[in-house]
Amino acid sequence: MEQLTYWWQSGVIYQIYPRSFQDSDDDGIGDLQGIIQRLDYLQWLGVTAIWLSPIFPSPMADFGYDVSDYTSIYPLFGTMEDFDMLLTAAHKRNIKVILDFVPNHTSDQHPWFIASKSSRSDPKRDWYLWRNANEDGSPPNNWRSVFGGSAWEWDENTHQYYYHGFLKEQPDLNWRNEEVRQAMYDVIRFWMTKGVDGFRIDVLWHVIKDDTWPDNPLNPDYVSSMPEYDELLPLYSTDQPEVHDIVNGMRRVFNEYPNRVMIAEVYLPLDKLMLYYGINQSGAHLPFNFMLLSLPWTATTIAEAISDYEQHLPADGWPNWVLGNHDRPRLATRIGREQTPIAAILLLTLRGTPTIYYGEEIGMQDVPVLPTETQDPQGLRMPDKQISRDPVRSPMQWNDSINAGFSKGKPWLPLSIDYRRYNVAAEQLQPYSLLMLYKRLITLRQSELSLSLGSYTQVYADNQLLAYIRKVENEDSFLIVLNFTHRPAYLNIAENYSGTVVVATELIREGNILTVPFALGGDEGVVIRLKK
Ligand code: GLC
Ligand code: MG
């Protein structure tokens with residue numbers, strides 16, 4: 001029988017960027033033993049699962065998103081024994097482990113590509129996307145790499161171009177080749193057999209390209225401040241109809257194992273995004289919903305976005321919400337520190353699985369990195385666009401000791417200068433801190449069915465406030481009221497809702513009875529358990 005609910009629906013996911021979480025051997029780079037040391041913290045925080053950005057052997061041209069061996073561990077992160085230890089230790093604490101699967105491309109140092117590149121007649125030639133040059137020697141078409149420049153790289157040895165949607169060190173696999181599919185499915189099986197609880201799948205909408213290779217059209221909305229990639233619309237290079245066969249194929253592999261989750265990275269408009277759920281549960285369980293990463297932070301915009309998303313969702317699709325990740329500006333930087341508590345309440349009381357990016361719970365900000373110290377290939381290749389991802393990948397701030405307790409060695413990226421104020425140890429002692437708000441919210445969500453699985457009904461939205469109810473039949477229901485501005489505001493609606501405040505940005509409210517109409521201060525939010 002189909003289960004009614006799964007852990008990945010009711011639970012909370014926490015993303016770890018392994019290089020930056022905790023260093024155990026003082027080489028300045030976070031590692032698996034470091035993560036093990038911090039499992040107690042994650043258990044205390046109350047998260048259900050951790051998702052680790054890639055931990056596999058890699059030349060690190062794109063910090064692990066260029067994999068040279070899908071079934072081993074990057075030595076600076078540790079060994080397979082360390083991984084097994086992490087998996088066991090996490091499971092012992094009831095924490096699931098989700099890994100990162102990078103199917104679109106390998107590293108150019110992967111043995112498959114080395115073979116593919118060795119000659120036109122190599123059995124692995126067709127595992128990648130090789131094309132002849134045009135008569136004048138130019139690349140097969142105008143497609144761009146996401147990281148700038150042509151997506152085609154000339155190979156002197158075999159006199160053909162190969163396709164790379166990202167760096168030239170990240171050649172794209174040919175997913176039309178059956179052997180590639182089987183080899184990659186076996187990668188999923190390898191980790192599933194070990195007991196991994198799921199995968200987040202990297203750039204899933206990129207995996208299949210139009211195999212007649214037409215030029216991409218110009219983007220009429222392009223302006224020069226945008227990355228060069230956006231000059232064209234990726235009409236033929238991404239989100240092709242056949243991608244859904246691949247998605248279904250992957251899902252079937254997931255289905256070979258009970259209770260695993262398939263999460264997909266897909267940056268597309270809502271109507272296209274929803275197709276990645278597949279028909280009748282044949283696609284990803286959770287195609288990431290990235291709306292909140294870029295929308296203007298106003299109550300009306302967010303209210304509309306939530307209804308829009310809810311309306312587009314397939315009937316059997318489970319929603320999810322994301323406020324930050326290792327590619328996008330940090331929340332505190334984007335919306336301002338004063339609003340981070342509102343964002344926390346929103347993320348943890350919306351209908352759908354929340355994913356927290358490490359450090360968001362303590363209010364970490366983007367950390368400035370000098371051009372001479374830039375490590376991210378996106379930053380290095382487009383220095384004038386201010387889109388380096390280094391600032392969002394700075395070391396986790398654990399305490400006020402040297403290097404914030406991350407490492408005794410020199411961290412691979414600079415630390416935030418404010419780490420003595422914003423760190424786990426300090427915020428654990430401070431009842432008003434963002435961290436303690438996160439913890440109270442997670443605890444509440446994990447214990448109240450209405451909050452984890454209940455319905456979402458908006459009851460009010462204007463240009464300051466958003467109010468909604470979460471409800472499951474026969475359980476306590478909750479009214480959430482959020483002030484998205486710095487100015488005070490009233491909730492004055494016809495229904496005279498009343499109940500006890502269970503979590504609030506202003507601690508003094510917790511335990512008090514609130515009855516509509518009531519006023520909230522600037523940047524204030526409340527979760528109210530409604531009277532039955
Ligand atoms: C995804 C990853 C990003 C990486 C890119 C190429 O967008 O999140 O970090 O650079 O894919 O693999
Ligand atoms: Mg280390």
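Numbering of ligands and ligand atoms starts at 1, following listing order.
Each of Phe83, Phe101, Tyr257 was compared with Trp191 under the ring-ring contact (aromatic ring centres under 6.0 Å, His included) criterion, and only Phe83 meets it. The side chain to side chain donor-acceptor pair (under 3.5 Å) test with Asp172 singles out one residue from His164, Lys209, His206, and that residue is Lys209.
Counting atoms of ligand 1 from 1 in the listed order, those under 4.0 Å from a heavy atom of His105 are 6 (C), 12 (O). Heavy-atom contacts of Arg393 reach the following atoms of ligand 1: 9 (O) (cutoff under 4.0 Å). Residue Arg389 approaches ligand 1 through these ligand atoms, each under 4.0 Å from one of its heavy atoms: 3 (C), 4 (C), 9 (O), 10 (O). Of all atoms in ligand 1, listed by their number and element, those nearer than 4.0 Å to a heavy atom of His326 are 2 (C), 3 (C), 8 (O), 9 (O). Those atoms of ligand 1 that come under 4.0 Å of a heavy atom in Arg200, given as number and element, are 2 (C), 8 (O). The distance from ligand 1 to the heavy atoms of Val203 drops below 4.0 Å at these ligand atoms: 1 (C), 7 (O), 11 (O).
For atom 8 (O) of ligand 1, the choice among Asp327, Asp202, Asp100 with the nearest heavy atom turns out to be Asp327.
Ranking the protein heavy atoms by distance from atom 10 (O) of ligand 1 puts Asp62 OD2, 2.5 Å first. Remark: minimum distance from atom 7 (O) of ligand 1 to any protein heavy atom is reached at Glu265 OE2, 2.8 Å.
The proximity of Arg328 to ligand 1, defined as any non-hydrogen pair under 4.0 Å, does not occur for either the backbone or the side chain. Of all the heavy atoms of His206, none lies under 4.0 Å from any atom of ligand 1, so neither backbone nor side chain is involved. Heavy atoms of Phe288 found under 4.0 angstrom from ligand 1: none, in either backbone or side chain.
Arg176 has its side chain within reach of Glu242: a pair of non-hydrogen atoms, C-beta onward, lies under 4.5 Å apart. The shortest side-chain heavy-atom distance between Gln365 and Arg337 falls under the 4.5 Å cut-off.
Contact between Phe147 and ligand 1 is present, with at least one heavy atom of the residue lying under 4.0 Å from the ligand.
Summarising the geometry of Phe288 relative to Val322, their closest heavy-atom pair is CD2-CG2, 3.4 Å, with the distance given to 0.1 Å. Closest approach of His312 and Leu270 over heavy atoms only: ND1-CD1, 3.6 Å.
Applying the side-chain contact (heavy atoms from CB on, under 4.5 Å) rule to Glu81 yields the partners Thr79; only residues at least two apart in sequence or on another chain are considered. Listed by chain and number, the residues in a side-chain contact (heavy atoms from CB on, under 4.5 Å) with Asp108 are Phe113, Glu169, Pro171 (sequence neighbours excluded). The side chain to side chain donor-acceptor pair (under 3.5 Å) check on Gln33 picks up Asp82, with sequence neighbours excluded.
Below the 2.8 Å limit, the Mg ion (ligand 2) has as protein N, O or S neighbours Asp23 OD1, Asp25 OD1, Asp27 OD1, Ile29 O, Asp31 OD2.
Salt bridge status for Asp327 with Arg389: present, with a side-chain N to carboxylate O gap under 4.0 Å. Between Lys385 and Asp230, no side-chain nitrogen of the basic residue sits less than 4.0 Å from a carboxylate oxygen of the acidic one, so the salt-bridge criterion is not met. A salt bridge links Arg200 to Asp202: one of the charged nitrogens lies within less than 4.0 Å of a carboxylate oxygen.
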